[in-house]
Amino acid sequence: MMIVSSPSKSPQKKQNQENTSPEKRKRPRPPPAPFFGARKNVAAAENPIPSSSPAFATPAHPLRPFQPPAPAKAAILPIILPPPTLRPLAFRTFTKKHNLTLTSSALQELASFIGRHCGSGWREEGLAEKVLEEVARGWKNRNGGVIVDGASPELKDILKNLEGNMSGGRIVTGGNGQRGGLSRQNSLMLEASDEADHSKTRLGLRPTSLAREDSQASFGMSGIGLSGEDDEPDEDGSKDARRWLKVVSAFEQPRFTYNVAKKHFEKITKPPTLLPPPSHKTDSFRNRYHIIHQRLLRNESFQTSAVTSFSRSSSNNASFRSHKITPIANLLGRHGTTHLLLGMLIVLPTGALAISDLTGAITLDLSHAVAIPHDSAWFTPGMIVLVDGIYEEEEESVGKGLSGSSGVGGTIGGRFQGFFIGQPPCEKRRATLGVSGLDGMAGDKEHTIGGGFGWIDFLGVGSERAIGSKMRKLEQRLLRQQHTGRQRSRMVILGELNLDQPRSLQALKKVLSLYATDGEGETPMSFVITGNFTSCGVMASHGGGVTTGTGGAGSIEYKEYFDALASTLADFPSLLTTATFVFVPGDNDGWVSAFGGGAAVPLPRKGVPALFTSRVRRTFAAANQEAGLTGEKKGGEAVWTSNPSRLSLFGPSHEVVLFRDDISARLRRTNVRLKGKEPAEDGDVEMDGGAGGTQDNGDAMEVDGDEQQQRPPPADDPNAVPYDVLAARKLVKTILDQGYLAPFRQSIRPVHWDYTSPLYLYPLPTAVVLVDTTAPPFCVTYEGCHVMNPSSILVSGKKGVARWIEYEAGRAGKVRECTF
C-alpha cells in the first residue's frame with residue numbers, strides 16, 4: 001500500500017518511510033503532477049501504468065495528444081468489378097454532371113479502385129457514386145482538362161489521397177462547415193461540435209485537393225481571387241477594375257498542343273528550351289497544321305450531311321456543295337482530276353513554289369490563279385492556304401508514281417495547277433469556346449453549345465466555362481454601372497515611341513496631360529507604350545553613337561533615354577498611382593538588337609532588361625509611396641513585358657494581344673503575285689470566307705460584301721472605300737485567318753520552336769493591338785475580333801501632331817490626334 005501525505009508534513013513522511021518494509025521502501029516514488037515540474041521531465045515517464053494523486057486528482061503522467069482510434073474497418077471483401085458494369089454510373093457522374101470524358105484506361109482504374117475499397121456494396125449502399133463524385137471534383141480542381149486519362153499522374157494522385165480517407169468503403173469527413181468536400185455523414189464517430197478540436201489530428205488524412213464542391217472554383221478560379229458568385233466587392237481595391245487586369249508574358253503563358261486522336265488540346269509539361277532538337281521544328285509545323293485543319297472541319301462549308309446529300313445532288317446550285325480536302329499523297333494516279341488542297345506554301349531548293357502538307361509536297365503553278373475573294377488577303381511562303389485546281393502528271397513520270405525524292409512525304413511528280421486560292425476561314429471566339437450569347441450585353445441569356453474548348457485555360461487565368469459567366473457579372477457590376485462619359489475600362493494605346501527623338505517625349509507629355517485632368521475613378525486603366533524605343537538597333541554599331549544616324553545607341557545612351565522617360569512620367573503622379581503602364585519592346589531594343597542589328601529577331605523576345613529601366617521603376621515606387629499606396633493598397637505599376645504578350649481583363653472575358661512588328665512591309669516583300677484580273681461572276685466556285693464580324697462604323701470589315709468594296713475603287717467614286725481601309729482589311733484578314741502572328745518562313749521571321757504557343761491567335765482574342773509603322777492607323781473588326789494599329793506616336797508629314805488609340809474594353813477603338 002502506498003502512503004500519500006501532504007507535502008507540508010515532511011518530518012512525518014520521513015518517519016513513515018523508516019517504519020515501512022524494505023520491499024515497500026524500494027517502490028519508486030511517484031512523479032509530481034505535470035504542472036509542478038518541468039515539461040521535459042514529465043514527458044520521460046517510464047511507468048506504463050497510469051496513476052494519479054488522490055490529493056489533487058491529477059494524472060501522474062502527461063496526457064497524450066488525442067488521436068482518434070483507427071476506424072474499425074468493416075469487413076470489406078474486395079471484388080473484381082468489370083469496367084462495363086461501372087460505365088453507366090461513371091457516365092452519369094463524369095459526363096452528364098461534370099462535363100468530363102472518361103477514357104477506357106481511366107474507367108479501368110476507377111473500377112479497380114472501387115472494387116478493392118468498396119467491395120460488394122458499391123451499388124446498393126451508394127459507395128461508388130460518392131467515390132466517383134470526389135474523383136470528378138478533384139480532377140476539375142487540378143485543372144486536368146475535359147478528358148480524364150487513366151495514365152495521368154493527376155488521377156493517380158487523386159486516388160492515392162482518396163485511399164487514405166476510405167473507412168469501411170465510405171469516405172471520411174473532410175472539414176467543418178464546408179459545402180461538399182468529403183462527405184460529413186460518413187465521418188468517424190465524432191460529433192459536429194468536436195470537428196474543430198480534432199481537425200489538427202486529421203490534417204494528415206485530409207486531401208487538400210478535395211476541399212470544395214463548387215465546380216466553378218476549379219480551372220484557375222483561385223488564381224484570380226474570385227471566391228463566390230454572390231460576393232460583393234467591399235474594399236476600395238476590389239471596386240477598381242484594374243485589380244482584374246493581368247499582363248501575361250509570352251514566357252509565362254501555358255503551352256498546348258493539339259492531339260488529333262483525342263481531338264483535344266493537351267498541356268505540354270516538358271520544360272521549353274531555347275536550343276531544342278530539330279524534331280521540335282517539325283512538331284511546331286504539325287501542330288499549326290492540325291489546328292487549322294480541325295478548325296476547317298467544323299466549318300459548315302466542309303461538313304457533309306447524309307440527310308441533305310440527296311437534295312444537294314439534285315440541285316444545280318454549286319453554292320450548296322460541301323468542300324473536301326484531299327491529302328497531297330492521294331493525288332498519285334489521279335491525273336486530270338480536280339481537288340482542294342490544304343497545305344503550306346514553300347519554296348523548293350530549285351526555286352519553284354510548292355505546297356506541302358503532312359503527307360507530301362507538290363509543285364504549285366499559280367500563273368492562272370486568282371484570290372477568293374479578290375485581293376482580300378496576302379499569300380506568302382510560310383502560310384497555310386487552300387488551293388483549288390487540277391493535278392497534272394508529267395508525261396515522263398506517268399506510271400512511275402513519285403519523282404526523284406520518291407516516297408510518301410517527298411515531292412510528288414507532276415504539278416498542281418491552281419485556279420483559286422484563299423485563306424482558311426476564321427472561326428469566332430464563341431464558337432471555339434463552345435459558348436454562345438457573348439456578343440450581347442448582360443440581358444442576353446448565355447448558354448453553351450456543342451463542342452468547343454471552353455474548359456481549356458489558354459492563358460492561366462481561368463477557363464471560359466468555369467468562370468466566364470461570373471466574371472462577366474462582376475464586370476457588369478463594376479463597369480457598366482458608371483454613367484459618366486469617361487469609363488475606367490479605357491486603355492490608351494500609344495504607338496512606336498522613339499526616345500532618341502526629343503519630339504516623341506513632347507508628344508507623350510501632351511497625351512498624358514489630357515488624361516491627368518480626369519477625375520478620380522475616371523482615369524484610364526492602362527497605358528500601352530511600344531517600341532522601338534530607339535530608331536536604330538541598340539549596341540549594333542561599334543561606335544555606340546546615334547549622331548551619325550548609321551548606328552544604334554550604346555548601353556550608356558540607351559540608359560539615358562529611359563531616364564529621360566522617367567523624368568517625363570514623374571510629372572503625372574495621378575496617372576502613375578492609378579494606371580498600369582505596359583511597355584512592349586521592338587526589334588531595335590536590347591539585348592537581342594546587339595546581334596540582330598535591328599533586323600528581325602526570333603519571336604517571342606523578352607522585355608527590356610531591368611538594368612536600363614531601373615529609374616522608371618523607382619519613379620512609380622516614389623509616386624505610390626507619396627500617395628500612401630503601399631502594402632495591401634495596390635498603386636500603379638510599370639510592366640516590361642515580352643513581345644508578343646497578352647492582357648487579360650476579368651479572366652477570360654477580355655483578351656488583348658499586344659504585338660509590335662512591321663508585318664505589312666514584310667508581307668509586301670514576300671507576297672506571291674497572282675493573276676490580276678478577276679474572273680466573271682458565274683457562281684461556279686464559291687469558297688466561304690466566313691466573314692461576318694462587322695460593326696456600324698465606316699471601318700467595318702465586310703470581306704464578302706459588294707463587289708465595289710472588294711476591288712480598289714475608282715478615284716472619282718464619292719462612295720468608294722478609302723485605300724487605307726482596304727489595306728487594313730487585307731492585313732487583318734490575313735493574320736486572323738492564319739491564326740498565327742508570324743506566318744513566314746524561318747529565314748524571314750525566326751521563331752523559337754518551343755515558344756510557338758504565344759504566337760497563336762486561337763481562340764480568337766477579343767482585341768489585337770498590332771503596332772505596325774509601315775501601315776496606316778486603323779481600327780477594324782473581323783469575326784468579332786477588334787484589331788487596332790496606332791502606328792507611330794509622331795504623325796509623319798505633320799509637324800507637332802501626336803496620334804494614339806483610345807480603346808474601351810468590349811467596344812471599338814478610336815484613333816485620336818492632338819497638337820503639341
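Side chains included, hydrogens not; waters and symmetry mates left out as well; all remaining heavy atoms used.
When all heavy atoms of L100 and T95 are compared, the closest pair comes out as O-OG1, 3.0 Å. When all heavy atoms of C426 and L736 are compared, the pair lying nearest together is SG-O, 3.5 Å. Between R605 and S642, the shortest heavy-atom contact is O-CB, 3.1 Å. Nearest approach of L433 to P763, heavy atoms of both residues: CD2-CG, 3.9 Å. Summarising the geometry of H752 relative to P604, their closest heavy-atom pair is CD2-O, 3.4 Å, with the distance given to 0.1 Å. Here the shortest heavy-atom pairing between R660 and P585 reads CB-O, 3.8 Å.
Ring centroids of F416 and Y391 are separated by 6.0 Å or more, keeping the two rings apart. Between Y762 and Y740, a ring centre-to-centre spacing not shorter than 6.0 Å is recorded.
Side chain of N259 to main chain of F265: no donor-acceptor pair is present (N/O by atom type, distance under 3.5 Å, no hydrogens or angles). Using a distance-only test at 3.5 Å, with no hydrogens or angles considered, no donor-acceptor pair links the side chain of H339 to the main chain of G389. Checking side-chain atoms of D357 against main-chain N and O of I328 turns up a donor-acceptor pair under 3.5 Å. Within the 3.5 Å criterion, the main-chain N or O of V148 finds a donor-acceptor partner in the side chain of T103. Side-chain atoms of D283 never come within 3.5 Å of backbone atoms of R286 as a donor-acceptor pair (strictly under, hydrogens ignored). Without hydrogens or angle criteria, Y289 side chain to I384 main chain gives no donor-acceptor distance under 3.5 Å. Counting only distance, with no hydrogens or angles, the side chain of D662 and the backbone of A665 share no donor-acceptor pair below 3.5 Å.
Proximity of S105 to D149: side-chain heavy atoms (C-beta onward) are separated by under 4.5 Å at one or more points. In this structure, Q423 and L386 have side chains that are not in contact, with every pair of non-hydrogen atoms separated by 4.5 Å or more.
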Item to check | Step-by-step side-chain hydrogen bond (donor to acceptor under 3.5 Å, both in side chains) determination, R288 to Q738 | outcome: CA-CA 9 Å; R288 182 179 164 199; Q738 286 294 314; 3.2 Å; yes
Next on the checklist: Assess the residue pair R749 and D587 against the criterion (salt bridge (charged side-chain N to carboxylate O under 4.0 Å, His left out)); give the C-alpha distance rounded to whole Å, side-chain angles, the decisive distance to 0.1 Å, and a yes or no.
Outcome noted: CA-CA 11 Å; R749 191 45 159 163; D587 291 338; 3.7 Å; yes
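Ring planes of H264 and F453: tilted class, angle from 30 to 60°.
Checked against side-chain contact (heavy atoms from CB on, under 4.5 Å), L297 has the following partners two or more places apart in sequence or in another chain: H293. Partners of R646 according to the side-chain hydrogen bond (donor to acceptor under 3.5 Å, both in side chains) rule, which considers only residues two or more places apart in sequence or in another chain, are Q253, E655.
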Can I get a per-line list of side-chain donor-acceptor pairs under 3.5 Å for residues 268-277, giving both atom names and the distance, sequence neighbours left out?
| from | atom 1 | to | atom 2 | distance (Å) |
| --- | --- | --- | --- | --- |
| T273 | OG1 | L275 | N | 3.3 |

